[in-house]
Amino acid sequence: MKLLLTVVKRSRSVPLCGGLQRCLSSAVPDRGLLSCREGELMIGSNPELVRSLSPQVEVRTGFISEEEEASFMRELEPGLRKKRYEFDHWDDAIHGYRETERLRWGSACEEVLNRVRSAAFPEDSPLLGPVHILDLDKKGYIKPHIDSVKFCGSTIAGLSLLSDSIMRLVKETDTNEWLHLLLPRRSLYILRNQARYDFTHEILKDEESVFHGHRVPRQRRISVICRNLPV
């Protein structure tokens, strides 16, 4: 979706932090999700930033079931298989990806998407019609960017399929201000307002996928992304 991403370059990387109890490893096929308290899904450069952004950043674990995830894969996989993974995005925002848009869904997936819309957007919020599907190869990653304000409104909501991952948010005007979000498989993330407009977001590559000092293996990851329109 060429119109939706505007890349914001950063001159230096943000340091990873360490020292938290291990809470996730679902990307390894022989292991399941270890229990993880909600407060352990977001860490930041300082407590004040975490407190100020907490109302604007949500991660809802277990938002969909295994059966619902399988329903999405049955609908998406035939079309995705016809595409090749690309390693050169038009504006250098994504590496190792294939993507598509979808307007019509089967009943099982449409029911889930209605739950996403109810959870993420106000009732009267006009929504971007097509749902954006982004399929990242195991070696793929999303670079720091802010979604185009010309085409996207105040809220971004995404389902994470097939793999756990780490999303990093960095303040555009001060790279010392950052958040790491742990996005478990089958979770929903929501970014609103300041978190959406003033912070770049990215999905870390597998070799950088660390949350509070603990490895979170990244496999192939599909995100199903809903956005509202600017008003």
Side-chain angles (χ1 to χ4, degrees), residues 1-7 58-60 62-137 140-143 145-163 165 167 183 185-193 195-197 201-203 219-231:
M1 295 219 338
K2 295 184 178 180
L3 296 178
L4 291 179
L5 295 180
T6 298
V7 177
E58 289 187 61
V59 179
R60 301 193 182 190
F63 191 83
I64 63 172
S65 66
E66 292 183 28
E67 293 77 12
E68 289 169 331
E69 180 184 51
S71 294
F72 275 100
M73 294 308 301
R74 282 192 294 270
E75 290 208 32
L76 295 173
E77 195 73 286
L80 290 172
R81 282 177 179 169
K82 297 176 183 178
K83 299 175 177 287
R84 293 184 178 181
Y85 285 107
E86 299 181 38
F87 289 84
D88 294 300
H89 190 259
W90 67 278
D91 65 357
D92 199 34
I94 318 173
H95 180 83
Y97 75 102
R98 47 193 182 185
E99 64 183 338
T100 188
E101 295 176 324
R102 195 176 183 96
L103 194 57
R104 300 185 182 278
W105 298 86
S107 57
C109 293
E110 188 62 40
E111 182 180 340
V112 172
L113 290 170
N114 284 335
R115 293 207 320 261
V116 171
R117 294 165 185 139
S118 296
F121 304 100
E123 278 189 31
D124 58 349
S125 178
L127 302 182
L128 189 65
V131 175
H132 184 197
I133 312 302
L134 185 58
D135 180 357
L136 280 184
D137 181 69
Y141 54 94
I142 303 175
K143 299 179 182 181
H145 69 278
I146 295 175
D147 288 26
S148 171
V149 297
K150 184 177 180 181
F151 300 100
C152 302
S154 63
T155 304
I156 303 166
L159 294 170
S160 297
L161 309 183
L162 301 184
S163 179
S165 59
M167 177 180 282
L183 305 182
R185 181 178 180 176
R186 295 187 290 275
S187 66
L188 172 71
Y189 73 84
I190 304 170
L191 304 179
R192 297 186 177 97
N193 302 324
R196 175 261 185 274
Y197 289 117
H201 61 277
E202 62 188 293
I203 295 294
Q219 306 297 323
R220 177 193 178 196
R221 176 185 185 266
I222 293 178
S223 49
V224 179
I225 307 165
C226 297
R227 299 173 172 92
N228 60 356
L229 291 167
V231 293

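Closest of all the heavy-atom pairs between T155 and N228 is N-OD1, 3.1 Å. Nearest heavy-atom pair, R227 versus C152, reported as atom, atom and distance to 0.1 Å: CD-SG, 3.3 Å. Nearest heavy atoms, R196 versus S148: NH2-O, 3.4 Å. Closest heavy-atom contact between L136 and Y141: CD2-N, 3.9 Å. Here the shortest heavy-atom pairing between R98 and L80 reads NH1-O, 3.1 Å. Shortest non-hydrogen contact noted between L229 and L127 is CD1-O, 3.7 Å.
The existence of a salt bridge linking E110 and R104 is excluded, since no basic side-chain nitrogen approaches an acidic carboxylate oxygen closer than 4.0 Å. Salt bridge R220/E77: present, at least one basic N to carboxylate O contact under 4.0 Å. Between R192 and E58 there is a salt bridge, since at least one side-chain N of the basic residue sits less than 4.0 Å from a carboxylate O of the acidic one. At a threshold of 4.0 Å, the pair R186-E69 counts as salt-bridged, since one of the basic side-chain nitrogens sits closer than that to a carboxylate oxygen.
Note that NE2 of H145 is 9.0 Å distant from CD1 of I203, once rounded to the nearest 0.5 Å. Here the straight-line distance linking atom CD1 of I94 with atom CD of E202 works out to 12.5 Å at 0.5 Å rounding. Distance check, rounded to the nearest 0.5 Å: NZ of K83 to OH of Y97 gives 10.0 Å.
With sequence neighbours left out, the side chain to side chain contact (heavy atoms under 4.5 Å, CB included) criterion links E68 to I64, S65, V112, R115.
H132 and E99 form a side-chain donor-acceptor contact under 3.5 Å, judged by distance and modelled atom types alone. R221 and S160 are linked by a side-chain donor-acceptor pair at a separation below 3.5 angstrom, with hydrogens and angles left out of the test.
W105 has its side chain out of reach of N114: every pair of non-hydrogen atoms, C-beta onward, lies at least 4.5 Å apart.
Considering I142, I146, I156 as possible partners of H201, the one that fulfils the side chain to side chain contact (heavy atoms under 4.5 Å, CB included) test is I156.
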